[in-house]
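Hydrogens, waters and symmetry mates are skipped; everything else that's a heavy atom, side chains included, is used.
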Amino acid sequence: MGAVDHHQGAAVLVTGGTRGIGAGIARGFLRAGARVLVCGRSEPAELPSAGGRTAIFAKADIRDPEQAAGSVQHAVDLFQRLDVVVSNAGGSPYAAAATASPRFHAKVIELNLIAPLHIAQAANALMQDRGGGSIILVGSVSGTRPSPGTAAYGAAKAGLHHLATSLAVEWAPRVRVNTVVPGFVATESAAVHYADAGGVAAVAATVPLRRMATPDDVADACLFLASPRAAYVSGASLILHGGGEPPAFLSAAAPPGEE
């Protein structure tokens, strides 16, 4: 059985699904036969499309609890069911922790931790009464190791990973909650974000698999976690970092046999 068999006709909501990783996730589910609603603060010029299907857009600022709940209800109104929610919306610009404003820190944590909780809470309330479902939170390796320059973001993502473990216990057995934890991902904004590090190629060279992830890689992980093949997977973090970051001492230590 392939992904199409698992997700044909499924009803899926992807927050922040209009660009970057979120658009890739939306395309993955569309390609697998699902019906997809994406939400964001502004409608893009072009919506994600794949497999002869196009996502439907709903305008929402999910930091507002009412708008977050409204996005979930909108999906149910459109599809008469809700099988999968992928809470992807998030991010943060670079800001030194010593000088960033309290308001900046609060907004970053609100978007990356509190807003996904709003979405998950609303989705769970509906899924518990409608046959269950799968909630996937999109985290980041910034929440698993130091995140200089995006400290509040890294702290929020660490909280998101822990949040999934708690929700998985509270909402079982009808609703499964998991986290996908991407490392470096080649998106439209990657070239700008990594410019100071020498560009995408230089950053990709630090990854053991010698490339960044693609949005399709993240989509494939979400397709797995939302499928019956992951029926016993809940409260888990699926790390997508291409082998991780080699320990810094390796670049300083001489190889065996050399001085």
Side-chain angles (χ1 to χ4, degrees), residues 14-26 38-46 48 57 59-65 67-68 71 86-119 136-163 179-207 211-215 217-219 237 239-242 244-245:
V14 181
T15 71
T18 61
R19 60 189 176 90
I21 293 173
I25 294 169
V38 296
C39 65
R41 283 179 282 178
S42 58
E43 185 169 2
E46 186 176 355
F57 175 77
K59 185 175 181 179
D61 182 346
I62 62 167
R63 294 173 298 182
D64 179 341
Q67 292 187 51
S71 297
V86 182
S87 190
N88 164 78
S92 173
Y94 176 91
T99 55
S101 71
R103 177 176 172 79
F104 174 86
H105 286 150
K107 288 296 183 184
V108 168
I109 293 171
E110 182 181 26
L111 174 62
N112 290 282
L113 178 58
I114 306 303
L117 177 55
H118 294 327
I119 288 287
I136 300 168
L137 309 179
V138 178
S140 169
V141 294
S142 292
T144 67
R145 45 91 165 138
S147 185
T150 53
Y153 171 79
K157 290 299 190 181
L160 191 73
H161 303 160
H162 187 275
L163 176 66
T179 315
V180 170
V181 186
F184 301 120
V185 182
T187 62
E188 302 96 318
S189 60
V192 175
H193 189 77
Y194 298 116
D196 291 342
V200 170
V203 174
T206 69
V207 179
R211 70 172 179 88
M212 289 187 179
T214 66
D217 290 321
V218 184
S237 290
I239 300 176
L240 308 173
H241 59 15
E245 300 173 28

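- Between Ile62 atom CD1 and Arg41 atom CZ the span is 9.0 Å, to the nearest 0.5 Å.
- Take Lys107 and apply the salt bridge (Lys or Arg N to Asp or Glu O under 4.0 Å) test, not counting sequence neighbours, and it matches Glu110.
- Residues Val141 and Pro182 fail the side-chain proximity criterion, which asks for heavy atoms closer than 4.5 Å.
- For the atom pair CZ of Phe184 and NE2 of His241, the computed distance is 11.0 Å after rounding to the nearest 0.5 Å.
- Every side-chain contact (heavy atoms from CB on, under 4.5 Å) that Leu163 has, sequence neighbours left out, goes to Leu113, Leu117, Leu137, Leu160, Leu167.
- Taking all atoms of both residues into account, the shortest heavy-atom contact from Tyr94 to Gly149 is CE1-CA, 3.2 Å.
- Residues that satisfy the salt bridge (Lys or Arg N to Asp or Glu O under 4.0 Å) test with Asp64, not counting sequence neighbours, are absent from this structure.
- Take Ala151 and apply the side-chain contact (heavy atoms from CB on, under 4.5 Å) test, not counting sequence neighbours, and it matches Ala97.
- Qualifying side-chain contact (heavy atoms from CB on, under 4.5 Å) partners for Pro44, counting only residues two or more places apart in sequence or in other chains: Thr18, Leu47, Phe57.
- The environment of NE2 in His105 is crowded: more than 12 heavy-atom neighbours from other residues, nucleotides or ligands sit within 6.0 Å.
- Sorted by first and then second residue, the salt bridge (charged side-chain N to carboxylate O under 4.0 Å, His left out) pairs with a member in residues 137-158 read Arg145-Glu245; sequence neighbours excluded.
- Screening Val218, Ile21, Asp217 for a side-chain contact (heavy atoms from CB on, under 4.5 Å) involving Val180 leaves a single residue, Val218.
- Of all heavy-atom pairs between Asn112 and Tyr153, the closest is OD1-CE1, 3.4 Å.
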Side chain to side chain contact (heavy atoms under 4.5 Å, CB included) evaluation trace for Val138 with Ile25: CA-CA 10 Å; Val138 178; Ile25 294 169; 4.2 Å; yes

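- Tested against Thr15 for a side-chain contact (heavy atoms from CB on, under 4.5 Å), the candidates Ser87, Ser71, Pro116 yield a single pass: Ser87.
- For the atom pair Ile109 CD1 and Phe104 CZ, the distance stands at 10.0 Å (nearest 0.5 Å).
- Across every non-hydrogen atom of Ala95 and Ala100, the tightest pair is CB-CB, 4.1 Å.
- Taking each heavy atom of Pro48 and Gly17 in turn, the nearest pair found is CG-O, 3.2 Å.
- For the atom pair CG of Asn88 and CD1 of Ile119, the computed distance is 11.5 Å after rounding to the nearest 0.5 Å.
- Considering all non-hydrogen atoms of both residues, His161 and Thr144 come closest at CE1-CG2, 3.8 Å.
- With hydrogens and angles ignored, the 3.5 Å screen pairs a side-chain donor or acceptor of Ser140 with a backbone N or O of Ser142.
- If you take OG on Ser42 and CZ on Arg19, they are separated by 8.0 Å, rounding to the nearest 0.5 Å.
- Nearest heavy-atom pair across Val108 and Ser92 is CG2-OG, 3.7 Å.
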